[in-house]
Structures are given as C-alpha cells and as structure tokens.
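Each ligand, and each atom within it, is numbered from 1 in the order the structure gives.
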Amino acid sequence: MTAESVFDRYRADVDRPMRRLFAAYGKPRYGWFAVGVLANLLAQFASLAPPLVLGAAVNKLSGQTYSLPLVPESLLPTGAEPLFWLSVVFIGGAFLLTGLFTYVYGVAANEFAHGVMHAVRVDCFETMSRLDMSFFDDKQTGETMSILSSDTENLEMFLDNALTGAVRLGAMLLGIGVVLFIANAYLAVITLLVAPVMTLFTYWFMKRAEPLYAARRSSMGKLNTRLENSIAGIELTKTTASEAYETDRVRGSSKQLFDDTMAMLRLSYFYRPGMELLAGVSFTLTFLVGGYWLFVGVPPGASGQLQVGTFVSFLFLSQRFATPLAEVSNIIDQYENAKASSERVFGLMDIPVEVDDPADGAELTDVEGRVVYDDVRFAYDDSETVIDGVSFEAKPGETVALVGPTGAGKSTMLKLLLRMYDVSNAAETDGGIRVDGRDIRDVTLESLRDHIGYVGQETFLFGVKLSGGQRQRIAIARVVLQDPELLVLDEATSAVDTETEYLIQKSLDSLSANRTTFAIAHRLSTVKDADEILVMEAGRVTERGDHETLLAEGGLYADLWSVQAGDLESLPEEFEARVIDESD
Ligand code: ADP
C-alpha cells in the first residue's frame with residue numbers, strides 16, 4: 001500500500017461531504033446557527049435605514065412629504081422640527097441596532113463555526129488514534145497533521161466567513177430590492193438593471209477561477225508535504241550535506257505555488273474592478289434616469305413624480321450591493337475549499353479499523369498467564385511472510401526468551417501478543433495466539449493490554465527529555481504499578497551503560513518472577529536463565545530449549561554465545577552475510 005492510497009481510497013468514497021458535515025456536526029448547534037442568521041439579517045436591514053431617513057428628510061426640506069417604507073404616515077409627526085429630531089433618533093438608532101445585531105451575530109456564528117470545528121478535530125483525532133498500526137507504519141503523519149490542522153481550518157473559514165458573506169449578500173439583495181421597489185418601482189428597475197449582468201459576470205469568473213483555485217490548492221498541498229518531509233529528514237540532509245539539493249526542491253514547489261497563485265490573482269484583479277465598474281454603471285444609470293425625471297421631465301414609460309429625497313436614497317443604496325456581490329467569488333472559493341477539506345476529514349474518519357474489539361465485547365479477566373502460540377503466521381503486507389508458522393507454549397510464570405539475528409521476527413512476535421497487529425491465521429480453529437485458552441481476538445483490546453506489561457526499545461514519555469536508562473526505569477515503574485500477569489520485554493536493556501544495565505536487569509528479574517514473561521535481548525547473558533529460549537531465523541523457530549540444551553546442540557545459539565564471550569571466529573559465515581544484508 002503506497003503512502004497516499006489509504007487516504008485517497010476512502011476519500012473517493014465520501015458522499016456529499018458538506019451535507020454530512022452539517023448533518024453530523026451542524027445539527028446539535030443549529031440553535032446558534034439560526035440566531036446567527038437572524039441577527040445578520042436584522043443587522044443588514046438596520047443598515048439600510050440611514051439612507052432612507054436621509055431621503056425622507058431631503059423630501060421634507062424640498063416641501064414634500066416625509067415618508068419611510070413600511071412606516072405608516074399616520075404615525076409620523078408633521079412639523080419640521082419634530083421630524084428632524086425623529087430622523088436623528090432613527091439614524092442613531094439604526095447604527096446602534098446594526099452594531100448590536102452584528103455583535104449577536106458574531107457571537108452566535110462563531111459559537112456555531114468553532115463548535116463544529118472543535119467537535120470535528122476531536123473526532124478526527126479519536127478516529128485516528130484507533131487506526132491500525134499498519135496505518136502509522138506508512139508514515140502518514142504529514143498528511144494526518146494537515147487534516148487535523150489545515151483542513152479543519154478551511155472548514156472554519158467557510159462556516160465563519162463564507163456563510164456570513166452568503167447571508168449578507170442575500171439580505172442585501174432582498175432588502176435593497178424590496179425597499180427600492182416600494183419607493184419607486186420604475187427607478188428600481190433602472191438601478192437593478194445591472195444585477196443580472198453582475199451575476200453573469202460572476203458566473204463567468206467562477207468558471208475560469210475554479211480550475212485555478214484547484215491548481216493552487218494542489219500546489220499548496222504539495223509544498224506542505226515537501227516541507228514536512230524536508231524538516232522531518234533534516235538530520236539526513238545535514239549528514240549528507242544535501243541542503244542545497246533540498247532547498248532546490250522546496251524552491252521548485254514554492255515557485256509552482258507562486259505561479260498558480262499569480263494566475264488566480266490576475267483573474268481576481270480583473271474581476272473586482274469589473275464589479276466596481278458595473279456598480280458605477282448602476283449609479284450612472286440611476287443618476288441619468290432619476291436626474292432626467294427631476295430636471296427635464298417624466299422619462300418614457302414612467303408616470304407620476306419622483307421626489308428628490310427618494311432620488312438621494314436610490315443613489316446611496318445603488319452603491320450597497322456591489323460589495324457583497326464581489327464577495328461571491330470568495331464565498332465560492334471557500335465553499336470549494338471546505339468541500340475538499342471535509343472530504344479529507346471524512347476520508348480519514350472512514351478508514352476501517354481491522355484490529356478491533358470483538359462484537360460481543362467480551363473481556364479478558366482472571367488471567368492465570370498460560371500463553372499459547374499455535375502455528376502463528378503473519379505478514380505486514382501481502383508480499384512477505386514475516387512469521388512463518390511458530391508454535392510454543394508458556395506456562396504461568398515462565399520466561400520465554402527470543403533470540404536471533406535482526407529481522408528474524410522477534411519484535412513482531414511480541415507485537416502480535418499485544419495485538420498491535422492481528423495474526424494472519426484465518427480463524428481461531430486455524431491457529432492464533434491464546435491466553436488461558438482464549439483467542440486474543442475474542443477479547444477487548446483494552447482488557448488484553450491491561451494484563452500485559454510492556455517495556456520496549458523506545459519508551460516514549462510525552463515531551464520530557466530523559467536518558468535511555470531513565471526512560472527504562474520509568475517504564476519499569478509503570479509496569480510495577482500496572483501489576484500485569486504477562487510481561488513483554490523488548491531489548492529492555494539495550495540503550496544503557498553496564499552499571500545501569502545491571503540495576504535494570506535486577507528490577508526486571510524481580511518483575512518477571514511471578515509473571516509469564518517474553519524477553520528479547522541481544523545480550524545473551526540476560527536471557528540465559530529463561531525457561532525456554534527460542535532461536536528465530538527468518539520467521540521460524542530453528543532451535544529451542546534452555547541455555548544448557550542449546551549450548552550442547554552446538555547450533556546458532558552456541559555460536560552466538562561464544563561470539564558474545566569474545567570468540568568472533570565462531571560466527572558462522574552465512575550469518576555474517578545475513579547481518580550485512582539486513583542492515584542494507
Ligand atoms: P527482529 O525483532 O527480529 O529484529 P522484526 O520483527 O522487527 O525483527 O522484523 C521482522 C521483519 O518484518 C523484518 O523483515 C522487518 O523488515 C519487517 N518489519 C518489521 N516491522 C515492519 C513494519 N511495520 N512494516 C513492514 N515490515 C516490517
């Protein structure tokens with residue numbers, strides 16, 4: 001399985017990602033969403049009031065009636081001064097309400113957007129942490145990190161900015177349209193004449209921009225992957241003095257992003273002034289027709305009188321819908337981004353877990369510690385058999401040691417017991433690993449691992465810098481607290497000085513005293529007291545027995561033993577060749 005295919009495979013199967021996002025994560029927060037949309041609408045409507053009040057005031061000054069759309073004239077005073085004070089209150093109040101509703105909108109929209117993101121992030125991480133070890137073997141960290149950070153960020157941008165923009169656009173077009181038609185239907189048609197042109201222009205722009213946006217997204221992803229790999233491999237870069245080569249590769253990816261970004265921007269910089277020009281056309285047409293009406297006479301097809309104040313309101317409002325329309329391109333871009341990102345998020349969430357709990361949720365309890373490997377077979381992928389039919393039994397409290405050359409499969413044997421991977425044997429009847437007679441695939445992972453103590457080659461302690469010896473002592477202390485029936489020691493004393501090794505060996509000896517223990521150690525002195533020693537070569541057990549028996553047999557174990565006792569001559573030739581092969 002190649003690095004990208006796991007993601008790609010499940011990503012391709014994600015159906016309607018945005019709908020799924022809203023259904024799965026939006027629903028519990030629809031209250032916030034509704035409040036946000038409503039507050040945004042009210043804020044937009046309140047912001048339409050000042051130009052209308054201005055128009056009404058100008059009407060009054062020019063000796064005509066003071067009237068506002070949707071406000072019954074009988075409710076308004078008639079005197080000039082009361083109308084002046086009322087206008088002040090209306091204008092001030094409109095700005096106040098706009099501010100207030102914008103605040104409410106901001107809080108609600110962000111509660112919604114960031115609440116969704118928080119839930120998506122946590123779910124994504126939880127799903128990821130349950131994925132099989134084989135997922136992590138493919139070193140998908142870069143891609144996984146970018147899903148957890150950039151993709152959730154894209155969703156946030158969309159839920160926050162783009163949804164807002166869309167609501168504002170709708171409110172503006174609707175609000176202005178309604179208000180203008182109520183005030184003067186003839187002039188409204190003139191003012192809004194360019195709206196369909198703007199829509200077509202925007203559509204044309206999006207058709208051209210979409211592939212450019214997509215190209216830019218892809219080159220951004222490539223650059224990020226390149227940067228992640230380069231930073232992760234910085235040690236290798238330095239030791240091989242290939243900084244210049246790496247920089248060249250980053251330069252190449254960065255140039256691609258630059259080119260794609262510029263291509264996209266060249267088009268957007270054409271679009272925005274285009275929209276402004278169309279808004280200017282609307283203003284000019286409104287001024288032309290409205291002015292003609294006032295200065296010359298009734299324009300063809302119109303009837304009645306145009307009031308000066310209405311004319312003023314129209315000129316102000318005609319300027320209002322160009323800006324939200326110009327945002328359409330951003331909204332669509334953010335929508336496309338969010339769609340791609342939620343596909344990636346759900347693609348990750350849909351990767352199935354193979355090593356999983358049994359359906360009945362049975363737990364492993366009251367462990368005695370009898371462990372049976374029954375014709376165990378395993379391959380990491382379909383190509384190569386790593387464990388090729390290994391059988392043995394460890395009675396409660398016994399210690400089984402695994403020795404043999406690098407790559408023989410010793411660590412894999414122990415990972416199978418911990419169910420980091422599942423054996424490849426078809427069913428329970430077809431072999432597998434049993435603890436106290438129960439196939440380990442028939443009990444929950446948690447209950448199994450609760451009964452196994454593990455001291456590994458690399459004990460990872462979140463963020464804390466410790467020496468090898470300190471790490472292992474902490475790992476041992478953890479096992480003491482856990483008090484498990486089974487113990488797995490994977491080259492437990494490999495990274496320490498002789499004195500520490502001695503101390504650690506002492507603790508391990510007492511730790512393993514009453515527990516069924518599996519130990520891998522390169523230093524044979526540490527395993528010679530084991531009840532049984534299994535010598536592994538290429539996935540098979542080639543010698544077994546206790547120390548004395550194996551020495552007497554004079555096989556690989558006996559050779560390794562004399563090598564470690566200082567006699568390099570006794571290393572078999574084919575073994576030496578294999579060791580060199582493995583390290584290739
Ligand atoms: P040992 O512990 O005896 O050194 P391992 O169990 O680590 O051997 O490895 C056995 C074989 O499995 C080796 O050929 C190794 O390259 C391969 N192997 C180990 N881990 C993985 C993995 N995560 N993915 C694929 N192959 C692996």
- Query: Do NZ/NE/NH1/NH2 and the carboxylate oxygens of Lys506 and Asp509 come within less than 4.0 Å?
  - Reply: no
- Query: Could Arg515 and Asp483 be called an ion pair, given the rule that one side-chain N must be under 4.0 Å from one carboxylate O?
  - Reply: yes
- So the atoms of ligand 1 within less than 4.0 Å of a heavy atom of Tyr421 turn out to be 23 (N)
- Message: Need the ligand 1 atom indices (1-based, order shown) with element for anything under 4.0 Å from a heavy-atom of Ser411.
- Response: 1 (P), 2 (O), 6 (O), 7 (O)
- Task: Answer with side chain, backbone, both or neither: which part of Phe378 has a heavy atom less than 4.0 angstrom from an atom of ligand 1?
- Result: neither
- Examine Glu384 against ligand 1 and note whether any of their N/O atoms are separated by less than 3.5 Å. no
- Are Glu235 and Lys238 ion-paired here, with the side-chain N under 4.0 Å from a carboxylate O? no
- Task: Answer yes or no: does an N/O atom from Lys410 fall short of 3.5 Å to an N/O atom of ligand 1?
- Result: yes
- Task: State whether the shortest distance between N or O atoms of Ala408 and N or O atoms of ligand 1 falls below 3.5 angstrom.
- Result: yes
- Does ligand 1 have an atom under 4.0 Å from some heavy atom of Pro405? yes
- Note on the structure: The answer for which part of Ser134 has a heavy atom under 4.0 Å from ligand 1 is neither
- Using a strict cut-off of 4.0 Å, indicate which atoms of ligand 1 neighbour a heavy atom of Thr412. 5 (P), 6 (O), 9 (O), 10 (C)
- Message: As a test of understanding, state which of Val367, Asp436, Asp366 forms a side chain to side chain contact (heavy atoms under 4.5 Å, CB included) with His451.
- Response: Val367
- Task: Taking Asp531 for its side chain and Thr399 for its backbone only, find out whether a donor-acceptor pair lies under 3.5 Å.
- Result: yes
- Item | Basic-acidic side-chain contact under 4.0 Å: Arg344, Asp151 | yes
- Message: Does this structure show an ion pair linking Arg441 with Asp439, if we count only N-O contacts that are shorter than 4.0 Å?
- Response: yes
- Please determine if Thr406 has a nitrogen or oxygen closer than 3.5 Å to a nitrogen or oxygen of ligand 1. no
- Message: Test of understanding: given a 4.0 Å heavy-atom threshold, classify the contact between Val386 and ligand 1 as side chain, backbone, both, or neither.
- Response: side chain
- Query: Under a 4.0 Å N-O cut-off, is there an ion pair linking Arg377 with Asp375?
  - Reply: yes
